[in-house]
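What follows is one structure encoded as structure tokens, with my remarks underneath.
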Amino acid sequence: MPELPEVETIRRDLNQQIPGAEVAGVLVHHRDLLLSGWTPGRFGAAVTGSVFGPLVRRGKFLGFPLGKGDARRVMRVQLRMTGRFAIGADSPPPEAGFRHPGIDFALADGRTLYYDDVRRLGGIDLLLPSEWRQMSRNLGPEPLARSFTGKRLHTILAPLKAPIKNVLLDQRRVAGIGNIYASEALFRAGIDPRRPAGELTLDEARGLHRWVRRILRGALEARGTRLRDYQAVNGRSGRYRDKLRVYGRYGEPCPRCRRSIDRLNQAGRSTFFCPACQR
DNA sequence: CTTGTACCCTGACCGC
DNA sequence: TGCGGTCAGGGTACAA
């Protein structure tokens, strides 16, 4: 799935076009995209007739505020690996290459918001504002927030024995970092991904914190990384791929020391790193 | 509480 | 051209 920079890019794109639009009807192509027990009938009835507010994001979750007053809800979307959005007048724009319709939201102005998800690992549900806040409390800090400091990161890591890479991927510790940017940040910070998180010194945590933020900001500026499935709204793609130092570069020379980039499996996913530069 | 593993699902790609 | 194996920006349920 898209990580924080990709999800934020999608949020900003949608935010140009969605707030103020009223939902005229919902077509659910795959009921397994509805989470938390929502059925197409109940979901469609709950959403139809409400108007979207400005979109929000927390970690990798997108929130579409809907309705007013006591009827306020937040439509929560998890894109996971292959979720995408497009907006079109009658069908998804051809450049978006949507071949796996998931849920279509017909808007009262004649446009349609399309959610497409090849693997259907993503999903959508409807929360009360209080439930959205509860979810938010269960997530770690936003890494780009001012309140997220190197010291704070060190405090989070201190009691943990799990490998630092696994901790960066754990959304309860820090929200929004995924497999690409975890590898990239650890490489830039010169930290071995297998090190127990609690072993990092304050200085190392500060260095990692700095690189996490730098990398996420850089990726955000580039509108994300496009590898396989991710695309921003209507197919507009990200350019950060060219800036990746180690991710996906197994066997290539390390950009710093020229030694071959290694790969290992952590928490069921690939970690790319330089065994010489990362200690 | 923490940590690791299996699993959800489809498609792209590689070697034979 | 076909086939099997592997891998994929994620998160959750469950076991230890």
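Model, not experiment: these values are computed from the prediction. So that the names make sense, note that chain A is the first sequence line, chain B the second, and so on, each numbered from 1.
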Please pick, from [options], the nucleotide with the shortest atom-to-atom distance to any side-chain atom of [X].
X	options	value
A:Phe61	C:dC7, C:dT12, B:dC8	C:dT12
A:Gln78	C:dG11, B:dC8, B:dG4	C:dG11
A:Val118	C:dC7, B:dG11, B:dT2	B:dG11
A:Arg99	B:dG4, B:dT2, B:dA12	B:dA12

(message) Could you check, using the six-membered ring where one of them is a Trp, whether A:Phe85 and A:Phe64 have ring centers closer than 6.0 angstrom?
(response) yes
(message) Atom CD of residue position A:Glu22 - does it have more than 12 heavy atoms of other residues, nucleotides or ligands inside 6.0 Å?
(response) yes
Euclidean distance, atom [atom1] of residue [X] to atom [atom2] of [N] [Å, nearest integer]:
X	N	atom1	atom2	answer
A:Asn179	C:dC7	CG	P	13 Å
A:Leu121	B:dA6	CG	P	17 Å
A:Phe98	B:dT10	CZ	C1'	16 Å
A:Met81	B:dC7	CE	P	17 Å
A:Ile177	C:dG11	CD1	P	12 Å
A:Leu33	B:dC9	CG	C1'	11 Å
A:Leu139	C:dG11	CG	P	9 Å
A:Leu79	B:dC9	CG	P	19 Å

Compare side-chain N and O positions of [X] against OP1 and OP2 of [N] and report whether any pair is under 4.0 Å apart.
X	N	result
A:Asn166	B:dG4	yes
A:His100	B:dC9	no
A:Gln171	C:dG11	yes
A:Lys161	B:dT3	no
A:Thr82	B:dC9	no
A:Arg120	B:dC7	no

For [X], which contact category applies under a 4.0 Å heavy-atom criterion: base, sugar-phosphate, or nothing?
X	result
A:Arg241	nothing
A:Asp32	nothing
A:Arg84	nothing

(message) Closest-nucleotide mapping onto DNA chain C: is A:Arg119 or A:Leu169 further toward the 5' terminus? I mean the 5' end.
(response) A:Arg119
(request) Please determine, for B:dA6, whether a Watson-Crick or G-U wobble partner exists with both distances under 3.5 Å, and give it or none. (result) C:dT12
(message) Would you say that A:Trp132 contacts A:Arg76 through its side chain, given a criterion of any heavy-atom pair below 4.5 Å between the two side chains?
(response) yes
(request) Report yes if some heavy atom in the side chain of A:His154 is under 4.5 Å from a heavy atom in the side chain of A:Arg206; otherwise report no. (result) no
(message) If we ignore hydrogens and angles and just use 3.5 Å, is the side chain of A:Glu184 paired with the main-chain N or O of A:Arg245 as donor and acceptor?
(response) yes
(message) Against the six-membered ring of A:Phe105, is A:Arg111 placed for a cation-pi contact (under 6.0 Å from the centre, within 45° of the normal)?
(response) no
(message) I'd like the P distance from B:dC9 over to C:dA13, given in whole Å.
(response) 15 Å
